Asks: 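Input: one structure, supplied below.
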Amino acid sequence: MGVFAAQIIQKPLFASAAIRSGESELFVKEIEWVSVMEMPVENFVREKEFVLTTGIGCSGNVELLEKFVQDVIESGASMLGIATGRHIFDIPDRIIDLAEKNDFIIIALPWDIRFGDVIQAVLEEINRGMQEERQQSEEIRQEFINRVLEESDVQEITEALERHLGLPAMITEYDGSMRAANKVKEDVMRAVETGETQLLEDFEAAEHLGSQFSEHRLHPQIYVLDISGERWCRILVNTNHRKQGYLWFKLGLSQEISWFMMNVLEHAVTACALFFIKENAIEMTEIRLKDNFILHLAKNASENENALRSKAELLGYDLSLPYLCIVGEIHLRSKKADFPSFEADNPPTSSLQNVNYYIQKEITNAAKFLSKKAMTTFDENEVIIFLEADYHIYTETANQFLDSVDRRLNEMLTEMEITWGIALKRDELQGFHVSYKEAKTALEMGMRKSESGGRTFYSDTRINRVLLAMSESKEIEKLVKEVVKPLADYDQKRQTDLIETFMAYSKYNGNVSQTARALHLHRQSLLYRLRNIESLTKLSLLEADDVFLLELTIRLWQLQDLHHMQK
């Protein structure tokens with residue numbers, strides 16, 4: 001951060017000084033520091049420095065003076081002040097010619113101007129310039145914040161960057177989706193959105209950013225990319241350890257980066273972060289309202305129909321459409337687990353909320369593909385969906401919808417799966433609550449009857465519902481215990497599967513060969529198990545009535561947990 005050479009020369013102290021070369025550079029060359037230097041220069045002069053000398057080391061030797069001036073020019077200094085009247089009486093023409101060829105500023109200072117006064121004047125001007133720059137930077141920072149707080153669009157951040165720094169700029173989501181752009185070519189925006197960008201190597205990026213700002217906290221976050229033949233700089237916008245998006249800007253061909261520019265860019269990144277935080281907060285509030293509404297719709301009987309419909313309209317839902325209810329239980333493939341202990345999720349920042357995010361995304365995509373409305377909410381490890389469906393083809397709609405959801409989730413979240421229960425909603429508004437209970441019942445029956453990851457329609461659970469009704473009888477409960485408990489106790493003690501063996505045997509209508517193949521057992525092993533079943537139950541598998549009684553009691557036994565839960 002410095003001031004232009006012209007600002008230094010215009011101070012009263014330099015009224016008697018004479019500009020001997022580089023007058024056209026006075027409003028171009030910046031000065032960031034001032035020092036007194038005599039021969040040799042070596043590496044003691046830095047860039048953008050105002051160098052003062054008496055020429056005492058040259059002892060009147062023009063060649064030595066020329067070498068000194070050449071070294072100062074090569075060091076990157078902006079201006080040289082030579083004290084005249086004692087060691088150098090007049091600056092030689094060859095020195096002036098050398099300076100002009102290199103667009104370098106030389107001023108002749110009368111001997112009576114003290115270097116101490118010069119240094120003080122220059123530092124005061126530099127400090128004043130720095131203070132003005134800080135003030136301007138603070139005003140810009142406040143402008144950015146006000147833009148965000150005043151409900152302005154993120155587009156205004158890019159416009160402010162162009163206004164204050166002359167930079168074409170754009171803001172994108174983390175996935176490349178364009179949010180705002182100002183003076184950016186169409187092919188550049190298209191390339192960013194499709195990911196057709198190439199990150200430059202560090203040495204190439206240094207050509208654009210330089211290393212003089214490496215100490216600025218923003219510098220390590222700036223990357224340079226090639227986009228459609230143009231060089232663009234990209235800064236990550238990060239909020240609460242979440243990667244939200246990027247701020248992009250393009251430097252002009254002859255435009256040099258400065259501390260002021262770095263500070264303004266930092267303010268712009270902060271404004272982008274605040275905008276994303278505010279947007280996320282609004283979105284989360286809306287999601288929470290919708291979640292609570294759908295959860296209430298599913299789990300509570302409707303009290304005020306008009307109020308419920310009005311609230312639904314405010315949230316963008318149409319309760320007059322025909323719906324079916326789908327309830328899913330989320331669990332690990334290897335074993336059922338209640339989330340929050342879910343740890344096998346992918347990506348690494350996994351949590352139940354992240355799993356829900358991906359499930360919600362695929363539900364939305366599947367519903368959009370079928371051109372159906374969908375209302376979704378989550379309750380711990382349970383997903384509840386009300387999906388628009390024509391009553392006469394609701395099973396086909398449900399299967400198409402779940403095929404799409406399951407296919408994508410199986411690719412993205414390989415360690416988890418969802419078991420589904422489906423029920424059709426009745427016409428009345430109360431039907432949302434009833435259909436949820438029915439879908440929940442279908443899910444629980446499906447989990448008891450088959451492997452996880454399946455689907456069960458409530459309409460296919462009629463037999464099990466009849467069995468549940470039968471199980472209310474004390475006599476039936478006593479009979480179930482007498483017949484099945486010996487098998488259950490034997491299975492638990494010996495770690496066998498006699499109950500599952502019989503159910504498979506019944507499924508294949510008593511065909512020993514088919515049952516043995518299905519259970520991956522040797523024929524003799526299966527026959528041994530069947531004899532054990534007969535021995536423990538005192539029933540014969542050759543008698544149709546005994547087989548019927550055994551299958552009926554086992555089914556009732558398997559439904560006992562569900563029965564107690566229903567009560």
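Not measured: the values here are computed from a predicted model. We count residues from 1, following the sequence as given.
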Asks: Report the C-alpha separation of R309 and L319 in whole Å, then their side-chain angles, then the decisive distance to 0.1 Å, and conclude whether the side chain to side chain contact (heavy atoms under 4.5 Å, CB included) test is met.
Replies: CA-CA 7 Å; R309 290 189 185 278; L319 300 187; 4.0 Å; yes
Asks: Can you tell if the side chain of E25 reaches within under 4.5 Å of the side chain of N102, non-hydrogen atoms only?
Replies: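 Result no, sub-4.5 Å side-chain heavy-atom pair not found.
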Asks: What closest approach, in Å, do G328 and I418 show between heavy atoms, and which atom pair accounts for it?
Replies: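 Here G328 and I418 meet closest at CA-CG2, 3.7 Å.
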Asks: Would a 4.5 Å heavy-atom cut-off, applied to side chains only, mark H331 and M416 as touching?
Replies: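 Counting from C-beta outward, H331 and M416 never come under 4.5 Å.
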Asks: Heavy atoms only: give me the nearest T377-I294 pair and the separation to one decimal.
Replies: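 For T377 and I294, the tightest heavy-atom pair comes out as CG2-CG2, 3.7 Å.
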Asks: Say you draw a straight line from CG of L308 to CZ of F432; how long is it, rounded to the nearest 0.5 Å?
Replies: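 Rounded to the nearest 0.5 Å, the CG-CZ separation comes to 8.0 Å.
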Asks: Give, for atom CD of E196 and atom OG of S228, the distance between the pair rounded to the nearest 0.5 Å.
Replies: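 So the gap between those two atoms works out to 7.5 Å.
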Asks: Does Y391 OH have over 12 foreign heavy atoms under 6.0 Å away?
Replies: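 Above 12, so yes.
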Asks: When you look at I126 and E32, which way does the side chain to side chain contact (heavy atoms under 4.5 Å, CB included) test go after all the steps?
Replies: CA-CA 7 Å; I126 290 174; E32 294 182 349; 5.6 Å; no
Asks: If you measure only the distance, is there a donor-acceptor pair under 3.5 Å linking the side chains of E138 and H267?
Replies: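 There is no such pair between these side chains.
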Asks: Checking the side chain of K373 only, and the main-chain atoms of A367 only, is there a donor and an acceptor separated by less than 3.5 Å?
Replies: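 Not at all, since once roles are kept as given, no pair shorter than 3.5 Å links the two residues.
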Asks: What residue among I107, I119, V122, L80 forms side chain to side chain contact (heavy atoms under 4.5 Å, CB included) with L52?
Replies: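 Answer to the side chain to side chain contact (heavy atoms under 4.5 Å, CB included) test with L52 among I107, I119, V122, L80: I119.
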Asks: Identify, with sequence neighbours excluded, every residue that meets side chain to side chain donor-acceptor pair (under 3.5 Å) alongside N399.
Replies: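 If we apply the side chain to side chain donor-acceptor pair (under 3.5 Å) test to N399, skipping adjacent residues, the hits are R455.
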Asks: Looking at every heavy atom in both L225 and Y223, which two are closest together, and how far apart are they?
Replies: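 Between these two residues, the closest heavy atoms are CD1-O, 3.8 Å.
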Asks: Determine whether F144 and V264 satisfy the following criterion, side chain to side chain contact (heavy atoms under 4.5 Å, CB included), listing intermediate values before the conclusion.
Replies: CA-CA 10 Å; F144 279 133; V264 172; 4.2 Å; yes
Asks: Can you measure from NZ (K372) to CG (L324) and round to the nearest 0.5 angstrom?
Replies: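 Going from NZ on K372 over to CG on L324, the span is 9.5 Å.
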Asks: Is it true that a side-chain atom of T194 and a backbone atom of A191 form a donor plus acceptor pair closer than 3.5 Å?
Replies: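 Judged by distance alone, yes, a pair lies under 3.5 Å.
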Asks: Do the rings of F457 and Y394 sit parallel, tilted or perpendicular, given the 30° and 60° boundaries?
Replies: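 Perpendicular: the ring planes of F457 and Y394 meet at over 60°.
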Asks: Just so I know, are the side chains of W248 and T172 near enough to count as touching, which here means a heavy-atom distance under 4.5 Å?
Replies: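 With C-beta onward as the side chain, the pair touches.
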Asks: Strictly by modelled atom types, are T456 and W420 linked by a side-chain donor-acceptor pair under 3.5 Å?
Replies: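 Looking only at side-chain atoms, W420 and T456 do not form any donor-acceptor pair under 3.5 Å.
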Asks: Does any non-hydrogen side-chain atom of E329 lie less than 4.5 Å from one of N381?
Replies: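 Yes, at least one pair of side-chain atoms sits under 4.5 Å.
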Asks: For a quick test of reading the model, state the closest non-hydrogen atom pair linking L265 to L247 and the distance between them.
Replies: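 Between these two residues, the closest heavy atoms are O-CD2, 4.2 Å.
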Asks: Can R163 and E159 be said to form a salt bridge (Lys or Arg N to Asp or Glu O under 4.0 Å), step by step?
Replies: CA-CA 6 Å; R163 186 166 60 253; E159 293 172 357; 5.3 Å; no
Asks: So does K243 pair up with E173, basic N to acidic O under 4.0 Å?
Replies: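 So K243 does not pair with E173 through a salt bridge.
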Asks: Test your reading of the model: is there a side-chain donor-acceptor pair from E193 to the backbone of M178, 3.5 Å cut-off?
Replies: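 Yes, because the side chain of E193 sits within donor-acceptor range (under 3.5 Å) of the backbone of M178.
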Asks: Hey, are the side chains of R179 and F276 touching, using non-hydrogen atoms and a 4.5 Å cut-off?
Replies: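 In short, these two side chains touch, coming nearer than 4.5 Å.
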Asks: Could you verify whether a donor N or O on one side chain and an acceptor N or O on the other, from T270 and E266, lie under 3.5 Å apart?
Replies: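 Side chains of T270 and E266: no pair found under 3.5 Å.
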Asks: If you count the non-hydrogen atoms of other residues, nucleotides and ligands that lie under 6.0 Å from NZ in K361, is the total more than 12?
Replies: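 12 or below, so no.
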Asks: Report yes or no: does D175 contribute a side-chain atom to a donor-acceptor pair with the main-chain N or O of S177 at less than 3.5 Å?
Replies: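 A pair under 3.5 Å: yes.
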Asks: Please determine whether a side-chain nitrogen of the Lys or Arg among D379 and K299 lies less than 4.0 Å from a carboxylate oxygen of the Asp or Glu.
Replies: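 Yes, this pair counts.
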Asks: Side chain to side chain contact (heavy atoms under 4.5 Å, CB included), that's the test. Do V184 and E230 meet it? Break it down for me.
Replies: CA-CA 11 Å; V184 183; E230 296 183 356; over 6 Å; no
Asks: Quick check against the 3.5 Å criterion: does E396 have a side-chain atom that pairs as donor or acceptor with the backbone of I393?
Replies: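 No.
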Asks: What distance separates S435 OG from I422 CD1, expressed to the nearest 0.5 Å?
Replies: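 S435 atom OG to I422 atom CD1 measures 12.0 Å (nearest 0.5 Å).
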Asks: Measure from the side-chain N and O atoms of E49 to the backbone N and O of R46, and report whether any donor-acceptor pair falls under 3.5 Å.
Replies: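 Checking the backbone N and O of R46 against the side chain of E49, a donor-acceptor pair under 3.5 Å is found.
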Asks: Would you say C325 and I385 make side-chain contact, with heavy atoms under 4.5 Å?
Replies: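 They are not in side-chain contact.
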Asks: Can you measure from OG1 (T397) to CD1 (I326) and round to the nearest 0.5 angstrom?
Replies: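 These two atoms lie 9.5 Å from each other.
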Asks: Which atom pair, heavy atoms only, marks the closest approach of V28 to F4?
Replies: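 So the minimum-distance heavy-atom pair works out to O-CE2, 3.6 Å.
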Asks: Would the distance check show the side chain of Q155 and the main-chain N or O of A181 forming a donor-acceptor pair, the cut-off being under 3.5 Å?
Replies: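 Side chain of Q155 to backbone of A181: a pair is present.
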Asks: Show the nearest heavy-atom pair for residues V192 and M170, with the distance to one decimal.
Replies: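 Nearest heavy atoms, V192 then M170: CG2-CE, 3.5 Å.
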Asks: For the CG atom of L13 and the CD atom of Q120, what is their distance to the nearest 0.5 Å?
Replies: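 Atom-to-atom, L13:CG and Q120:CD are 9.5 Å apart.
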Asks: Could you tell me if D226 and W232 have a donor-acceptor pair between their side chains, going purely by distance under 3.5 Å?
Replies: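 The answer is no; no qualifying pair exists.
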Asks: Side chains of N356 and Q360: closer than 4.5 Å at any heavy-atom pair?
Replies: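 The answer is no, as the side chains (C-beta and beyond) never meet within the 4.5 Å cut-off.
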Asks: More than 12 heavy atoms of other residues, nucleotides or ligands under 6.0 Å from NZ of K290: yes or no?
Replies: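 Yes - once you tally the heavy atoms of other residues, nucleotides and ligands closer than 6.0 Å, there are more than 12.
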Asks: Are more than 12 heavy atoms, taken from residues, nucleotides or ligands other than E23, located less than 6.0 Å from that residue's CD atom?
Replies: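 Check fails, neighbour count at 12 or below.
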Asks: State, with a plain yes or no, whether a side-chain heavy atom of E42 is found less than 4.5 Å away from one of M37.
Replies: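 Counting from C-beta outward, E42 and M37 never come under 4.5 Å.
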Asks: Without swapping roles, check the side chain of S78 against the backbone of E30 for a donor-acceptor pair under 3.5 Å.
Replies: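 Side chain of S78 to backbone of E30, a donor-acceptor pair under 3.5 Å: yes, one is there.
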Asks: Going through the checks in order, is the salt bridge (Lys or Arg N to Asp or Glu O under 4.0 Å) test met by E125 and R128?
Replies: CA-CA 5 Å; E125 190 65 26; R128 187 181 64 80; 2.2 Å; yes
Asks: Is K425 paired with E438 through a side-chain N to carboxylate O contact shorter than 4.0 Å?
Replies: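 Here E438 does not pair with K425 in a salt bridge, since their nearest N and O are not under 4.0 Å apart.
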